[in-house]
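In listed order, ligands and their atoms are each counted from 1. One-based numbering along the sequence shown.
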Amino acid sequence: MAVYTDVAAEELADFLKAYDIGEVLSYKGIAEGVENSNYLLHTTSGSFFLTLYEKRVAIDDLPFFLGLMGHLATHGIVCPQPVKARNGETLGRLAGRPAAIIDFLEGVWPRKPNVAHCAAVGAALAKLHLAGRDFSMKRVNALSVSSWRPLFEQVGACADTVQPGLHDFLKAELDHLEAYWPRELPGGVIHADLFPDNVLFLSDRLSGLIDFYFACHDFFAYDVAICLNAWCFEPDHAFNVTKARALLGAYHRERALSEAEQAALPLLARGAALRFLLTRLVDFLNVPAGALVKPKDPLEYVRKLRFQQRVGGVRDYGVAILGPVA
Ligand SMILES: Nc1ncnc2c1ncn2[C@@H]1O[C@H](COP(=O)(O)OP(=O)(O)OP(=O)(O)O)[C@@H](O)[C@H]1O
Ligand SMILES: N[C@@H](CCO)C(=O)O
């Protein structure tokens with residue numbers, strides 16, 4: 001989470017003069033998330049979310065992210081809408097960082113996802129992929145396979161301080177993925193970070209998707225693989241095939257996964273596990289002094305990667321080859 005960048009009350013009051021959202025009543029740093037500095041903002045007009053974008057968000061990418069959130073809403077995807085300043089801009093600058101105000105979505109992210117949550121996420125992910133097909137802006141995935149070796153080299157031998165032998169394990173996996181990564185699969189706009197903490201529920205109903213700051217163009221099935229890793233493992237690290245079947249089946253009913261996508265899923269899931277393992281390692285080894293952040297556990301993704309290395313095909317996810325949707 002983060003509060004990497006503090007915001008003084010006077011700075012905030014100044015910043016809000018450009019908006020039509022009333023006077024500040026309170027603002028508090030949010031103790032969740034690891035990428036950006038987030039504040040819950042209450043004003044005389046309502047509740048908002050103030051985000052100051054940090055190191056992993058390139059300022060030139062922000063129009064894509066903010067524009068995508070607006071586009072998806074026009075296709076019925078419930079996600080935060082950027083608040084425009086009086087000059088029509090959604091992006092400003094606060095405390096030396098690019099900053100935006102987005103509306104606050106009610107809902108709670110599931111700390112212990114169940115099978116119904118997994119089915120809801122599978123369907124929502126497919127709808128997001130379909131809704132993004134006519135989005136005009138493009139963004140290459142800055143954290144796809146070509147970015148993993150530089151991250152690995154950034155970590156280097158320090159990997160072994162986190163777990164003995166981790167450096168060689170990462171190198172072997174990287175060599176394998178670079179050699180066999182798919183060249184051609186159906187693709188488009190993906191979320192690329194749809195973890196439980198980015199999906200809100202009200203009672204049992206999915207009430208919103210948030211945190212589009214890794215959204216980009218990549219394989220749709222890669223986004224599915226990210227969700228398999230994020231939603232379908234138990235706290236004891238066991239893979240839950242019932243949850244995987246629910247997630248994949250619900251996705252497939254909204255947007256059919258081709259045979260090629262299904263065949264590629266295990267390899268994509270290895271890549272998805274390596275991607276988050278590497279960014280977690282980098283963050284774990286480089287916590288900025290004074291930042292209010294609890295880095296996420298890289299070893300969780302070592303275990304997930306080892307599981308995915310043993311997967312032989314989608315049957316290991318609890319599904320027979322998903323046939324045509326009736
Ligand atoms: N628009 C919103 N409405 C309601 N809650 C929100 C909103 N945006 C963020 N949150 C809450 O703040 C938390 C952190 O937000 P977010 O996920 O965007 O941070 P982050 O730094 O990108 O973290 P990470 O990428 O690790 O999830 C979310 O888990 C959610 O609980
Ligand atoms: N969702 C990511 C953090 C944001 O990239 C993780 O759990 O590693």
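By the 4.0 Å heavy-atom criterion, Asp103 is counted among the residues contacting ligand 1. At least one heavy atom of Asp193 sits less than 4.0 Å from an atom of ligand 2.
Atom numbering of ligand 1 starts at 1 in the shown order; those under 4.0 Å from a heavy atom of Asn38 are 14 (C), 15 (O), 16 (P), 19 (O), 20 (P), 21 (O). Counting the atoms of ligand 1 from 1 in the order shown, those under 4.0 Å from a heavy atom of Asn36 are 21 (O), 22 (O). The contact set between ligand 1 and Asp193, taken as ligand atoms under 4.0 Å from a residue heavy atom, comprises 25 (O). Set against the non-hydrogen atoms of Pro80, the atoms of ligand 1 under 4.0 Å away are 1 (N). For ligand 2, the atoms closer than 4.0 angstrom to any heavy atom of Phe195 are 1 (N), 6 (C), 7 (O). Ligand-side atoms of ligand 1 in range of Asp211: 16 (P), 17 (O), 18 (O), 20 (P), 22 (O), 23 (O), 24 (P), 25 (O), 27 (O), range being under 4.0 angstrom from any heavy atom. Atom numbering of ligand 1 starts at 1 in the shown order; those under 4.0 Å from a heavy atom of Phe104 are 3 (N), 4 (C), 5 (N). Heavy-atom contacts of Phe276 reach the following atoms of ligand 2: 2 (C), 6 (C), 8 (O) (cutoff under 4.0 Å). Atoms of ligand 1 lying under 4.0 Å from any heavy atom of Asp197, numbered from 1 in the order shown and given with element: 27 (O), 28 (C), 29 (O).
The protein heavy atom nearest to atom 7 (O) of ligand 2 is Arg280 NH2, 2.7 Å. Val34 CG2, 3.7 Å is the protein heavy atom nearest to atom 3 (C) of ligand 2.
Centroid-to-centroid, the aromatic rings of Phe233 and Phe239 come within less than 6.0 Å.
Checking Phe219, Tyr251, Tyr222 one by one against His129, the ring-ring contact (aromatic ring centres under 6.0 Å, His included) holds for a single residue, Tyr251.
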Tell me, with the steps shown, if Arg149 and Asp175 meet salt bridge (Lys or Arg N to Asp or Glu O under 4.0 Å).
-> CA-CA 9 Å; Arg149 190 165 294 276; Asp175 292 345; 2.7 Å; yes
Yes or no on ring pair (Phe, Tyr, Trp, His ring centres under 6.0 Å) for Phe212 and Phe65, after CA distance, side-chain angles and deciding distance?
-> CA-CA 6 Å; Phe212 286 81; Phe65 301 137; 9.1 Å; no
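Under 4.0 Å from ligand 2, not a single heavy atom of Tyr301 appears. Residue-level proximity to ligand 2 for Glu35 is carried by the side chain, the only part with a heavy atom below 4.0 angstrom. Of the heavy atoms in Lys296, only side-chain atoms (C-beta onward) come closer than 4.0 Å to ligand 1. By the criterion of a heavy-atom distance under 4.0 Å, neither the backbone nor the side chain of Phe195 is placed next to ligand 1.
Annotation: Glu184, atom CD; neighbour count of heavy atoms from other residues, nucleotides and ligands within 6.0 Å does not exceed 12. Other residues, nucleotides and ligands contribute only 12 or fewer heavy atoms inside 6.0 Å of the CZ atom of Phe284.
Within the structure, every pair that satisfies the salt bridge (charged side-chain N to carboxylate O under 4.0 Å, His left out) test and touches residues 61-82, not counting sequence neighbours, is listed here: Asp61-Arg139.
Asp134 and His71 form a side-chain donor-acceptor contact under 3.5 Å, judged by distance and modelled atom types alone. A donor-acceptor contact closer than 3.5 angstrom links the side chains of Glu54 and Thr5.
Close N/O approach between Leu200 and ligand 1 is not found [any backbone or side-chain N/O within under 3.5 Å].
Between Ala192 and Asp223, the closest heavy-atom pair is N-OD1, 2.8 Å.
Both cation-pi conditions hold for Arg306 and Phe169: the charged atom is under 6.0 angstrom from the six-membered ring centre and inside a 45 degree cone around its axis.
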